[in-house]
Amino acid sequence: MVEVESTELSDVKIIRTKLFVDARGHFMETYNREAFAAAGIRDEFVQDNTSLSTAVGTIRGLHFQSAPFAQAKLVRVVRGRILDVAVDLRRSSPTYGQHVAVELTAENRLQLFIPVGFAHGFCTLEPNTEVAYKVTAHYSAAHDHGVAWNDQTLRIDWPVDPQRAILSDKDTRYPSLVELPDYFP
Ligand SMILES: Cc1cn([C@H]2C[C@H](O)[C@@H](COP(=O)(O)OP(=O)(O)O[C@H]3O[C@H](C)C(=O)[C@H](O)[C@H]3O)O2)c(=O)[nH]c1=O
């Protein structure tokens, strides 16, 4: 059983899947193609990724891949907690430049579906946070792009002092939204 809930950006969906609890612990189908399709998520995922961030206040993002390797993503937290953020980069969208931020945790077991046309990033809220996510196109370094995590026009309220955020060097060098080429016209 898969429950799909729209967010303020209607194409970004919060996914709940059934939890089976017994004396040993629990079981959950985190992805089932037929059940997700029945719930309206028909994207074909081709690659699974995981990342481990050891420190609180690690920010990974805001990333996306451009066509023909643009990716939809299905994100969940295996261990720890994140604030997961999706930014609408679709130039013709009425919500262009707007974002949603959803707390995904190993405890709430929520997943976030982020369609093609959005940048994705997260900030860890606990040490040793592991994030697992499915993507609908293979990695292509040449098509891997980003927008500045701290672009003030995005008004993302990251739960970390900007001076103390832990970032890759690459993530400190992305353009602002206004400087970004038009990848999703
Ligand atoms: C994404 C990716 C990366 N890599 C290699 C490239 C680098 O040598 C190394 C680390 O990559 P990166 O620093 O881009 O990893 P993250 O900063 O976690 O990036 C990811 O974080 C945000 C939140 C995302 O949504 C994207 O899926 C992805 O961009 O893994 C691969 O070999 N395959 C891949 O699919």
Side-chain angles (χ1 to χ4, degrees), residues 7 9 11-15 30-31 36 41 43-90 93 97-106 108-151 154 156-160 162 164-177 179-181 183-184:
T7 64
L9 301 186
D11 293 332
V12 178
K13 307 288 186 184
I14 293 171
I15 312 280
T30 50
Y31 177 69
F36 272 65
I41 310 281
D43 301 66
E44 288 286 333
F45 298 99
V46 298
Q47 181 177 308
D48 282 1
N49 299 330
T50 61
S51 66
L52 172 68
S53 302
T54 54
V56 179
T58 299
I59 291 180
R60 293 177 185 253
L62 295 158
H63 303 156
F64 63 94
Q65 292 194 167
S66 55
F69 293 92
Q71 297 170 321
K73 297 173 185 172
L74 180 64
V75 185
R76 67 188 182 93
V77 170
V78 177
R79 181 177 57 202
R81 290 168 54 222
I82 64 171
L83 183 71
D84 208 34
V85 174
V87 178
D88 192 349
L89 299 181
R90 301 168 301 180
S93 167
Q98 294 182 33
H99 72 277
V100 291
V102 179
E103 188 168 321
L104 304 180
T105 75
N108 71 21
R109 288 181 283 277
L110 297 180
Q111 300 187 63
L112 197 63
F113 173 76
I114 301 165
V116 164
F118 286 75
H120 174 237
F122 62 79
C123 179
T124 59
L125 302 170
E126 277 180 15
N128 299 313
T129 285
E130 185 172 356
V131 177
Y133 53 105
K134 307 176 85 70
V135 294
T136 57
H138 291 112
Y139 176 64
S140 170
H143 298 82
D144 189 28
H145 309 288
V147 59
W149 68 281
N150 56 352
D151 178 343
L154 299 179
I156 298 170
D157 184 15
W158 294 110
V160 64
R164 301 172 65 85
I166 295 168
L167 296 144
S168 67
D169 184 49
K170 181 176 72 161
D171 285 357
T172 64
R173 297 199 303 266
Y174 286 127
S176 64
L177 183 66
E179 298 164 331
L180 199 65
Y183 291 107
F184 303 103

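Positions are given from 1 along the sequence. Everything quoted here is computed from the prediction, not taken from an experiment. Worth knowing before you read on, the calculation uses all heavy atoms, side chains too, and leaves out hydrogens, waters and symmetry mates. Order of appearance sets the numbers: ligands from 1, and atoms from 1 within every ligand.
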Structural part of [X] in contact with ligand 1, heavy atom criterion under 4.0 angstrom:
X      : value
Gln71  : neither
His138 : neither
Arg60  : both

Within the structure provided, determine whether [X] and [Y] are in side-chain contact (heavy-atom separation under 4.5 Å).
X      : Y      : result
Phe184 : Val116 : yes
His63  : Asp171 : yes
Phe122 : Thr129 : no
Lys170 : Asp144 : yes

Note the single closest protein heavy atom to atom 32 (O) of ligand 1, along with its residue, its atom name and the distance in Å.
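The answer is Tyr139 CD2, 3.9 Å.
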Checking a contact table here: which protein heavy atom is nearest atom 22 (C) of ligand 1, and how many Å away?
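Looking only at protein heavy atoms, the one closest to atom 22 (C) of ligand 1 is His63 ND1, 3.2 Å.
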Is [atom] less than 4.0 angstrom from some protein heavy atom?
atom                    : result
atom 34 (C) of ligand 1 : yes
atom 9 (C) of ligand 1  : no
atom 16 (P) of ligand 1 : yes
atom 29 (O) of ligand 1 : yes

Please list, in number order, the atoms of ligand 1 under 4.0 Å from a heavy atom of [X].
X      : answer
His120 : 23 (C), 24 (C), 25 (O)
Lys73  : 24 (C), 25 (O), 26 (C), 27 (O)
Lys170 : 12 (P), 13 (O), 14 (O)

Out of curiosity, [X] [atom1] to [Y] [atom2], how far, rounded to the nearest 0.5 Å?
X     : Y      : atom1 : atom2 : result
Glu44 : Lys134 : CD    : NZ    : 11.0 Å
Thr58 : Ile82  : OG1   : CD1   : 11.5 Å
Arg79 : Thr50  : CZ    : OG1   : 10.5 Å

Please verify whether a non-hydrogen atom of Gln47 lies at under 4.0 Å from ligand 1.
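A heavy atom of Gln47 does come that close to ligand 1.
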Under 4.0 Å, counting heavy atoms only: does Tyr133 come that close to any atom of ligand 1?
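Tyr133: in contact with ligand 1 (<4.0 Å).
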Looking only at distances, please establish whether an N/O atom of ligand 1 is found under 3.5 Å from an N/O atom of Asp171.
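For ligand 1, there is no N or O atom that lies under 3.5 Å from one belonging to Asp171.
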Backbone of Ala148 reached by a side-chain donor or acceptor of Asp151 within 3.5 Å:
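Side chain of Asp151 to backbone of Ala148, a donor-acceptor pair under 3.5 Å: no, none is there.
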Assign the ring pair Phe45 / Phe113 to parallel, tilted or perpendicular, where the plane angle (0 to 90°) is split at 30° and 60°.
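Answer is perpendicular, since the angle exceeds 60°.
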Hey, what's the ring geometry for His143 with Phe69, parallel, tilted or perpendicular (30° and 60° as the breaks)?
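It falls in the tilted class, 30° to 60°.
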